[in-house]
Amino acid sequence: MTEAGTAASSAATTLPEPVRQRVLTLAAHALGQLPATDIPAPLRRFASFAPAKRAKLSASVLGPILETDEHFRKLTAFEVRREHPELGDAVAEGVPVPAADPVEVAALAYLLRPDDWEQRIAAAAQVPVENPRADDEAVHRLADQLDQARTETRQVRERLREQVNELKAENVTLRRKLNEARQKITGLQTDLEQRTKEAETADERVDAARAEVERELRKLRTRITELEAVEHAARRTAGQERELASTRTRLLLDTLLEAASGLRRELALPPGGELRPADTVAGSEPEAAPVGRTAPEDDPALFDELLALPQVHLIIDGYNVTKTAWPNSPLHSQRQRLVTALGALVAQRRVEVTVVFDGAELSGPVQLNPPRGVRVRFSPAGVIADDVIRQLVRAEPPGRPVVVVSTDREVADSIIKLGARALSASSLISRIART
């Protein structure tokens, strides 16, 4: 045990009884203000009690802990000083307080431990104890008052008992009158029920006739509604069929025109089908290289040739491109730079562009402003961007040109099997740089 602990224990064993009781009262009140983590385990069950009950039940445990646990005593002293700021500050600073109760001063000094705390406890011990004879007289006086109160209470109880008996007799009379009134009411109710049944019988006949008329009206209205619905459906179906046939015809014609135009460019056919004078001159002609087969994947010319295909869909592995082009930039900056550059590309070539980012790297909602014509998708939870790219390729109809930009070899191999063309990220980066 430390020297401070020895001194505290010695002082606690010699505390005057009034001082000890006041110390326990102050500490018990402060106990309810402390966090549970600062309360020693033996005292935690008393923390939720009311202050008076807490002081009474915890006294046997609280006193020894205050003597031995210096940290808990300091926490208790802090709360007590906060509850009694003026007197607590004066005691802590060693300022004499002649007008204050010596017992109160000694209790605060024991908890706050100023330099003169032992002298303040000794001063409280010198305070004379009240005269026991005066206490006895007060006890006798209070006993007389108690006897007088008991006598008055007994008299009041007798008066109340008499009033209760009178009320019981009145209650019996009222119950008898109530039974008589109930019998009269029962007779009147029987007569009323009989008359009501007669009226209900007449009403039922009227309701039956009215229901028959309404039934026929409903049948007629239902038939009219059915005929109107059939007419409306026929008109709507005819209009939808005409609109659908027109849309299909227009899409088919656009596809054929774009395919024919692309085929003419690939085969280097002349504008017209007739023979031109220059065609009669002999000479060897170069063979046109098939689009996307002989050029390397990172050739910018190959990228432009693929974008020239009719109805081409360009799908981009977002982070695969951005981490190659701008590896030192934050992810939000990479995303915005890519979609902004693709917006310029869409404005030039009028192609459909979809950028797929991996949603697993997101920590919250994404703030992104893609330009018009650039579709942005983040992979859902538990799904990687590679799988979303494969789903987009599978969603396209067979025969439509699909180009996927990704340096990931696994992605490239899988989408080639699905009929799409793979390009490296460097080809797109070169094209963006030129744009």
Side-chain angles (χ1 to χ4, degrees), residues 25 28-29 31-36 39 43-58 83 139-245 247 364-365 380-382:
T25 301
H29 182 75
L31 183 65
Q33 311 298 323
L34 293 175
I39 300 175
L43 293 174
R44 289 176 186 169
R45 61 192 184 94
F46 302 108
S48 59
F49 291 177
K53 184 178 179 181
R54 189 188 309 132
K56 180 179 179 181
L57 297 181
S58 66
E83 292 292 331
V139 170
H140 289 306
R141 185 170 59 257
L142 292 175
D144 294 339
Q145 294 177 358
L146 178 61
D147 293 338
Q148 183 179 358
R150 286 176 177 173
T151 302
E152 294 176 354
T153 302
R154 187 165 51 253
Q155 294 174 354
V156 171
R157 187 179 301 165
E158 291 176 357
R159 288 197 301 270
L160 291 177
R161 188 179 294 113
E162 293 177 357
Q163 293 178 2
V164 168
N165 292 333
E166 293 177 358
L167 291 174
K168 286 182 178 179
E170 185 178 357
N171 185 34
V172 171
T173 303
L174 292 176
R175 285 179 177 273
R176 185 177 64 254
K177 293 181 180 180
L178 178 61
N179 290 333
E180 294 175 356
R182 285 178 176 174
Q183 292 176 357
K184 292 181 181 179
I185 291 173
T186 302
L188 294 174
Q189 286 180 343
T190 303
D191 186 34
L192 177 62
E193 290 176 358
Q194 182 178 358
R195 294 179 181 275
T196 301
K197 288 181 180 179
E198 295 176 354
E200 288 177 352
T201 302
D203 291 339
E204 288 176 357
R205 291 194 296 267
V206 174
D207 291 340
R210 183 181 300 139
E212 184 65 24
V213 173
E214 291 179 352
R215 191 180 303 111
E216 293 298 328
L217 286 175
R218 283 197 299 271
K219 289 181 180 179
L220 293 174
R221 289 171 181 168
T222 302
R223 184 57 180 167
I224 292 172
T225 303
E226 291 176 354
L227 293 175
E228 290 177 348
V230 169
E231 181 185 4
H232 179 70
R235 291 178 179 176
R236 183 175 56 187
T237 302
Q240 289 177 347
E241 290 179 352
R242 287 194 300 270
E243 183 178 357
L244 181 59
T247 301

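Worth knowing before you read on, the calculation uses all heavy atoms, side chains too, and leaves out hydrogens, waters and symmetry mates. Since the structure is predicted, the reported quantities are computational estimates derived from the model, not experimental observations. The chain is numbered in sequence order, starting from 1.
Between atom NE2 of residue His232 and atom CG of residue Leu227 there is a gap of 14.5 Å, rounded to the nearest 0.5 Å. Atom CD of Gln148 and atom OG1 of Thr153 lie 10.5 Å apart (nearest 0.5 Å). The structure places NZ of Lys197 at 11.5 Å from CD of Glu204, a figure rounded to the nearest 0.5 Å. In this structure, Leu217 CG and Thr222 OG1 are separated by 10.5 Å, a value rounded to the nearest 0.5 Å.
Every residue two or more places apart in sequence or in another chain was checked for a side-chain hydrogen bond (donor to acceptor under 3.5 Å, both in side chains) with Arg221, and none qualifies. Applying the side chain to side chain contact (heavy atoms under 4.5 Å, CB included) rule to Glu158 yields the partners Arg154, Arg161; only residues at least two apart in sequence or on another chain are considered. Taking Gln189 as the reference, Ile185 meet the side chain to side chain contact (heavy atoms under 4.5 Å, CB included) condition, with sequence neighbours excluded. Residues passing the side-chain hydrogen bond (donor to acceptor under 3.5 Å, both in side chains) test with Glu231 are Arg235, sequence neighbours excluded. By the side-chain hydrogen bond (donor to acceptor under 3.5 Å, both in side chains) test, Gln163 pairs with no residue at all, sequence neighbours left out. Annotation: side chain to side chain contact (heavy atoms under 4.5 Å, CB included) contacts of Thr225 (sequence neighbours excluded): none.
Classification of Arg223 and Glu226 as a salt-bridged pair holds, one side-chain N sitting under 4.0 Å from a carboxylate O. By the 4.0 Å N-to-carboxylate-O rule, Glu212 lies close enough to Arg215 to be salt-bridged with it.
Here the closest non-hydrogen pair linking Ile39 and Arg44 is O-NE, 2.8 Å. Scanning all heavy atoms of the two residues, the minimum distance from Ser58 to Leu43 falls at CB-CD2, 4.5 Å.
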Check against side chain to side chain contact (heavy atoms under 4.5 Å, CB included), Arg159 and Val156: CA-CA 5 Å; Arg159 288 197 301 270; Val156 171; 3.1 Å; yes
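A side-chain donor-acceptor contact under 3.5 Å links Asn179 to the backbone of Arg175.
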